[in-house]
Amino acid sequence: MTADLRFAPATGIGSLPGGDAREAARTATGSFEDFPFLAELPARGPGADMIGRTAGMLVELYARVEPSGWRIGDRPGRDTKRARSWLGEDLDALEEFTQGYEGQLKVQAVGPWTLAATLELRNGEVALSDPGACRDLAGSLAEGLRLHLEEVRRRVPGAQIVLQLDEPSLIGVLRGQVRSASGYRTHRAVDRQVVEAGLRDVVGVHAGGPVVVHSCAPDVPFALLRRAGAAAVSFDFSLLTERDDDAIGEAVEGGTRLFAGVVPGTDTALSDPAGSVMGVRTLWRRLGLHPGLLAEAVTVTPSCGLAGASPEYARKALAHCAQAARSLADNPE
């Protein structure tokens with residue numbers, strides 16, 4: 001599937017500042033004519049944050065906010081209802097601004113391992129501490145995502161939906177760096193094959209559609225994500241080192257798309273668009289890849305979500321991504 005797949009040249013990661021769903025939808029759709037995304041607005045509070053939003057999608061599992069974070073409970077409470085209400089509000093706004101739209105549309109949810117590393121069980125430990133709970137959580141997430149994708153297709157029938165799974169805790173899960181409730185120890189590392197299989201099960205819910213896995217941590221496991229079925233890998237370009245070269249080269253040659261996060265996610269002075277993708281061109285030369293592949297292999301994004309930015313900067317950053325992508329296409333060398 002990945003070898004023939006074509007992605008648009010630029011898009012956002014997901015989160016935006018503020019709390020106005022219509023304004024966010026206007027920004028997310030207006031910035032990228034051929035690859036808008038469903039905006040997330042965590043500033044609204046619990047239930048609009050990435051964990052709460054995805055917890056609200058779960059099927060037959062419910063979560064509520066405790067002082068320590070999100071915890072699985074017995075029945076849907078006000079926190080679940082609030083999360084679902086805000087998601088409905090965001091979908092209403094997206095539908096309004098995508099009337100007649102045909103093309104790629106990205107929606108985001110937290111992936112199974114970051115969810116397992118964050119959602120607490122009744123005893124206060126995260127689900128990652130219990131392999132059975134991890135399996136149940138992944139199954140519930142897969143079914144919830146299936147229903148969510150159906151809803152998006154119904155609202156935007158001309159869209160080719162791209163599903164992004166956010167996995168910021170994936171490296172910590174693989175390395176045994178997720179802390180216990182006491183904070184005095186860490187949960188043991190999860191076997192790479194188990195991690196890969198869990199991801200593959202959730203990726204598979206978007207049958208026939210592409211899945212992007214996003215991680216803004218160092219040492220992104222490109223090969224593992226590719227084996228799990230990811231059509232693209234989204235990452236913070238500034239965190240790459242030459243240790244990643246071989247994995248990136250293999251990914252590109254295997255047809256995996258790179259979502260290169262080159263535009264800072266918080267307010268800063270932006271360089272000219274060509275300067276923002278200079279590092280991508282340098283990487284290409286170092287890998288000995290053909291410059292003509294650049295536009296086919298790279299989608300330009302912010303380095304991470306823009307929730308911590310000012311509204312004005314967020315709009316500028318998204319526009320900058322589109323301009324940088326054009327620079328890459330017009331002058332790959």
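Just so you know, these numbers come straight off a predicted model, no measurement behind them.
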What do the steps show when you test K81 against R84 for side-chain contact (heavy atoms from CB on, under 4.5 Å), and what is the final call? CA-CA 5 Å; K81 291 172 183 171; R84 291 176 177 174; 5.9 Å; no
Passes side-chain contact (heavy atoms from CB on, under 4.5 Å), H214 versus T301? Steps please. CA-CA 11 Å; H214 170 68; T301 72; over 6 Å; no
Stepwise side-chain contact (heavy atoms from CB on, under 4.5 Å) check, V277 with L294: CA-CA 11 Å; V277 287; L294 261 175; over 6 Å; no
As a quick check of understanding, evaluate side-chain contact (heavy atoms from CB on, under 4.5 Å) for L170 and L225, giving each step before the final call. CA-CA 10 Å; L170 184 62; L225 298 177; 3.8 Å; yes
Assess the residue pair E151 and R155 against the criterion (salt bridge (charged side-chain N to carboxylate O under 4.0 Å, His left out)); give the C-alpha distance rounded to whole Å, side-chain angles, the decisive distance to 0.1 Å, and a yes or no. CA-CA 6 Å; E151 174 72 1; R155 288 172 176 265; 2.8 Å; yes
Evaluation steps, salt bridge (charged side-chain N to carboxylate O under 4.0 Å, His left out), between R53 and D166: CA-CA 12 Å; R53 186 182 185 89; D166 292 318; over 6 Å; no
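Atom CD of E66 has more than 12 neighbouring heavy atoms from other residues, nucleotides or ligands inside a 6.0 Å radius. With a 6.0 Å radius and a threshold of 12 heavy atoms from other residues, nucleotides or ligands, R26 has its CZ atom above the threshold. Surrounding CZ of R75 are at most 12 heavy atoms belonging to other residues, nucleotides or ligands under 6.0 Å away. For R78, the CZ atom is loosely surrounded, since the number of other residues' heavy atoms within 6.0 Å does not exceed 12.
Side chain of Q99 to main chain of E95: a donor-acceptor pair is present (N/O by atom type, distance under 3.5 Å, no hydrogens or angles). Distance alone, capped at 3.5 Å, places no donor-acceptor pair between the D92 side chain and the D90 backbone. Formation of a donor-acceptor pair under 3.5 Å by the D201 side chain with backbone atoms of G198 is not found in this model. Listed for the W113 side chain is no donor-acceptor partner under 3.5 Å among the backbone atoms of E167. One N or O on the side chain of S129 and one on the backbone of V126 form a donor-acceptor pair closer than 3.5 Å. Within the 3.5 Å criterion, the main-chain N or O of A223 finds no donor-acceptor partner in the side chain of E250. A donor-acceptor pair under 3.5 Å is absent between the side-chain atoms of E60 and the main chain of S140, judged by distance alone. Side-chain N or O atoms of S31 include none that pairs as donor or acceptor with a backbone N or O of P36 at under 3.5 Å. Checking side-chain atoms of S303 against main-chain N and O of G261 turns up no donor-acceptor pair under 3.5 Å. A donor-acceptor pair is defined here as one N or O able to donate and one able to accept, closer than 3.5 Å; such a pair exists between the side chain of Q104 and the backbone of R6.
Here the side chains of Y313 and P17 are not in contact, with every heavy-atom distance at 4.5 Å or above. Side-chain contact between S180 and E125: present, with at least one pair of heavy atoms (C-beta onward) separated by less than 4.5 Å. At a threshold of 4.5 Å between non-hydrogen side-chain atoms, the residues V252 and W284 count as touching. Using a 4.5 Å cut-off on side-chain heavy atoms (C-beta onward), F37 and V162 make no contact. Considering only heavy atoms from C-beta on, H320 stays 4.5 Å or farther from P264 through its side chain. The closest side-chain heavy-atom distance from D79 to W70 is below 4.5 Å. Between D219 and R243 there is a side-chain heavy-atom pair separated by less than 4.5 Å. Proximity of L145 to H206: side-chain heavy atoms (C-beta onward) are nowhere separated by under 4.5 Å.
Atom OG of S327 is separated from atom CZ of R281 by 4.0 Å, given to the nearest 0.5 angstrom. Here the CG-CZ distance, from L128 to R188, works out to 11.0 Å after rounding to the nearest 0.5 Å. Taking CG from D34 and CG from L105, the interatomic distance works out to 12.0 Å, rounded to the nearest 0.5 Å. Here the CD-CZ distance, from E89 to R22, works out to 11.0 Å after rounding to the nearest 0.5 Å. Rounding to the nearest 0.5 Å places CG of D136 at 11.0 Å from CG of L58. Rounding to the nearest 0.5 Å gives a distance of 9.5 Å between CG of L165 and OG1 of T114.
For E120, the salt bridge (Lys or Arg N to Asp or Glu O under 4.0 Å) partners two or more places apart in sequence, or in a different chain, are R71.
Ring-plane geometry between F7 and F35 is classed as parallel, the angle between the planes falling under 30 degrees on a 0 to 90 degree scale with a further cut at 60.
Using a 4.5 Å cut-off between side-chain heavy atoms of Ile, Leu, Val, Met, Phe, Trp and Tyr, with links allowed through other members, I13 and V262 fall into different hydrophobic clusters. Residue L283 is not grouped with residue M278 when hydrophobic side chains (ILVMFWY) are merged at heavy-atom distances under 4.5 angstrom, including chains of intermediate members. Both L87 and V205 belong to a common hydrophobic cluster when Ile, Leu, Val, Met, Phe, Trp and Tyr are linked at side-chain heavy-atom distances under 4.5 angstrom. Put simply, V110 and Y62 are part of two different groups of oily side chains (I, L, V, M, F, W, Y) that touch within less than 4.5 Å, one to the next. Taking hydrophobic clusters as Ile, Leu, Val, Met, Phe, Trp and Tyr residues chained together by side-chain heavy-atom distances below 4.5 Å, V59 does not share a cluster with V203.
We find that R122 and D74 are joined by a salt bridge, their nearest charged nitrogen and carboxylate oxygen being less than 4.0 Å apart. Note on E150 versus R154: no salt bridge recorded, every NZ/NE/NH1/NH2 to OD/OE distance being 4.0 Å or above.
A side-chain N or O of K106 and one of Q108 form a donor-acceptor pair less than 3.5 Å apart.
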